[in-house]
Amino acid sequence: MPDTSTRIGSRLSRTDLIEGLDALEQRLLWLASWTIHNANHIRPSRDGLKVGGHQASCASMTTLMAALYFHVLRPKDRVAVKPHASPVLHAVEYLYGRQSQDQLERFRGYGGMQSYPSRTKDQIRVDFSTGSVGLGVAVTAFASLVQDMWLARGEMEANESGRFISLLGDAELDEGNIYEALIEAYKHDIRNTWWIVDYNRQSLDATTSEKMFDRFDDIFETAGWDVLTLKYGARQRAAFKKPGGARLRKWIDDCPNDLYAALTYEGGAAWRRRLSKDLKRSPKTLELLETYDDETLANLMTELGGHCLVTLLDAFDQAAASETPKLIIAYTTKGRRLPFQGHKDNHSGLMTPTQIAELREKMGIADGDEWMPFAGLTPTRIDKAKRVLEEAPWQASRKEDRSAPSVLVPSLSDFPDPGRGKSSTQVAFGKIMNDLAREESDFVSRIVTTSPDVTVSTNLGGFVNRKGLFSRSASEDVFKKRKIASPQIWAHSPKGQHIELGIAENNLFLMLTALGLSKDLFDQRIFPVGTVYDPFIARGLDALNYACYQDARFILAATPSGVTLSPEGGAHQSLSSPLIGMGQPGLTYWEPAYSDEVRVILREAFDAVERIEGGSSYLRLSTRQIEQVDRDMSVALADDILNGAYWATPPKEGAPLAIAYCGALAPEARDAFEQLQDDVPSAGLLAITSPDVLHRDWMAASRSPWTGETGRISHIEQLLTQLAPGAGLVTLIDGAPSTLSWLGSVNGQRVRALGTERFGQTGDLPDTFAEHRLDASAILDAAASLLA
Ligand SMILES: Cc1ncc(C[n+]2csc(CCOP(=O)(O)OP(=O)(O)O)c2C)c(N)n1
Ligand SMILES: [Mg+2]
């Protein structure tokens, strides 16, 4: 269990703690509101566009975040903050003295603090980027699993471990990926994870339905979580104990969300009118209400559990007492204390200059002191606030150091060789992984594989047989124990290096995110390798983008792909995935044809995981078995493979034609090329191993005159310059033809782009290739039309 020894300040009394936190909370509310106001109303606008920001969403979180960041959290805890509460997070760091006023003033501006917490762009420590709601929630569960791996391996002491906390909005709970993660989290017995819901009963468009909030307890408890519901603040609970209080509580319990929100907006007099009408048969309750003036009545009704420090601290104490994952539902008011509190349209609402001036005065902040960290507080409150800050464990939190690569990836000569027999790129990948699993090096011990129920069918089985599956408790493979023959041995152990997931591709990408951030989160590199069927990348696309956005490092082997998966069925044919690979920053898309290319590329992909300026890799592989080329891997060839293309047969100077192929259609390209020899003996055959690398290099070279890299000539330009200026190019890929059709623009050559533009018809390869015009005769037709 994580160390909790620094909890509850030893020197500060509980009363002083709460007062100090209360003062800090006020500062968060102001600073977040002012940061957004400044960006929208004060900073000069050059484009007339609304800058935006979410003052209401921040206001419902300030108490929660004050309690957490100024008292509960410890530096090893890792937090994903609701995207639109980013100004509160920056205000926290500002009060700790780790964020500059300049950054706050540049909120949502170029180089300033980002709209949503960003690991890579923000200057403060951000554990998990957020933005696309739901993903930041789920990733915390997967990160806790990665921590468990390090604990189980004995590479991390329990007192070095932390808790994984997501601060989420109530509407965020509609994201399906949360429930996929919940199922996976249950299967993997995850712990030390808290999901804290800012239950302000509002989404972007409207008030949220209360219906589901009766069901979340069941759902989460079924999945093994403890659910803590913080509905009422301490003052409310005290009121309920007074005569007539029970009836008031029942009224609140029965009140639908939209009415509660509307009354919150309308204020004290409206609360009184409605309560007096509904409770006219409860004289004691009416008497109780009379003890409050309109303002205190409005406060009473809106000081819900999530705005009550006493309630929150008690709940966090309770949560910290066990490792069981916790769902904490904290009732809040969206926009609390702001003029649009409770209004259903307040999500993007911004205070007017008059309204913010009123708030400033109400908070006792002098005109001109808006950025002063402790403005508006009495000296006593400042003193208490500072003492809370000094004693807060989070005081010691630091932004991670991303430098210093430490793990040596073997050189190509020491990297497994999948051999030269007839083979597919998928088989080559599996063989290399299997051979790596025979080794005991530091590098290999850091490879962790994962797959959404396609481990065996993507050829990871060999690796898993040798390295086993991860589980905190060991268990044997029952089939093996009972001597039932099976090529798969699935033993679980704390040292296992494979995480088997259920069929949920979103979870695959979130698992890869968490594994791929291991170096940043735990100071221990993992080389994550995930496998998936190529068409199902689309299922997890946003999570893939999320992984890349925060620079998680991993390898994705997607197989089978294209129409060469043939008998696997038309529904699984993937054609747009190469464009996904090319379009996704942070991810390099490779599509090798031969086993030796897979070897070079896979080694590079591991290396890129570790290199500071590296990234993640996507290998689009095929199950199609093809004859290998008999060749030795020279340094020059390996370089060209990594540069994205090489001449399988170079053209003669000034040749009028080349065939450029990518991936599993190599045999068709070679067949057509041989048939062309008599007519066009000077033609060239270009093997493309990465349209993505080629394209990026070409783009960089095209802008080089303006970016200071003068004289840069792209690899593809160098290759294609060997053809005649007006030469024809037949491009060929088992995927969208636009992956390669741009090649014509490099030197102004003419292109006939062959590829797939439809999908869905099952068939064997000859029929399928004929249908999509991917066979040798289609290539020859295209060549003839270029030569005509
Ligand atoms: C995947 C995704 N879809 C839509 C959005 C746009 N969006 C941002 S916040 C939001 C509503 C959030 O409501 P809630 O989670 O209750 O947060 P609150 O602001 O009320 O605290 C929406 C729809 C998004 N950021 N991500
Ligand atoms: Mg909400």
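Just so you know, ligand 1 is whichever comes first in the structure, and atom 1 is the first atom listed for that ligand.
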Task: For atom 7 (N) of ligand 1, closest protein heavy-atom neighbour - done: Leu204 CD1, 3.9 Å
TODO: Would you check the N or O atoms of Glu172, main chain and side chain alike, for any that come under 3.5 Å of an N or O of ligand 1?
DONE: yes
- [ ] Considering only non-hydrogen protein atoms, determine which one is nearest to atom 24 (C) of ligand 1 and report residue, atom name and distance to 0.1 Å.
- [x] Gly131 O, 3.7 Å
Open item on the list: Please determine whether Thr208 has a backbone or side-chain N, O or S atom lying under 2.8 Å from the Mg ion (ligand 2).
Closed with: no
TODO: Would you mind checking if Arg119 and Asp551 are paired as a salt bridge, meaning a charged N to carboxylate O distance below 4.0 Å?
DONE: no
Open item on the list: Give me the residue, atom name and distance of the protein heavy atom closest to atom 21 (O) of ligand 1.
Closed with: Lys82 NZ, 2.7 Å
- [ ] Write out the residue and atom name of the closest protein heavy atom to atom 8 (C) of ligand 1, then the distance separating them to 0.1 Å.
- [x] His347 NE2, 4.3 Å
Task: the Mg ion (ligand 2) to nearest N/O/S of Gln202 less than 2.8 Å - done: yes
- [ ] Determine whether the side chains of Tyr331 and Asp198 contain a donor N or O and an acceptor N or O closer than 3.5 Å.
- [x] no
Open item on the list: Starting from atom 26 (N) of ligand 1, what is the nearest protein heavy atom, named by residue and atom, and what distance separates them?
Closed with: Val133 N, 3.1 Å
TODO: Run the salt-bridge test on Arg360 and Glu370 with the 4.0 Å N-O cut-off and return the result as yes or no.
DONE: yes
Task: Considering all heavy atoms, the nearest Leu135-Leu510 contact - done: O-CD2, 4.0 Å
Task: Protein non-hydrogen atom below 4.0 angstrom of atom 11 (C) of ligand 1 present - done: yes
- [ ] Over 60° means perpendicular and under 30° means parallel, so classify the ring planes of Phe316 and Trp194, tilted if in between.
- [x] parallel
Open item on the list: Among all the protein's non-hydrogen atoms, which is closest to atom 17 (O) of ligand 1, and how far away is it?
Closed with: His84 NE2, 3.1 Å
Task: Nearest protein heavy atom under 4.0 Å from atom 5 (C) of ligand 1, yes or no - done: no
TODO: For ligand 1, note which part of Glu175 has a heavy atom under 4.0 Å away: side chain, backbone, both or neither.
DONE: side chain
Task: Short N/O/S contact of Glu172 with the Mg ion (ligand 2) (below 2.8 Å) - done: no
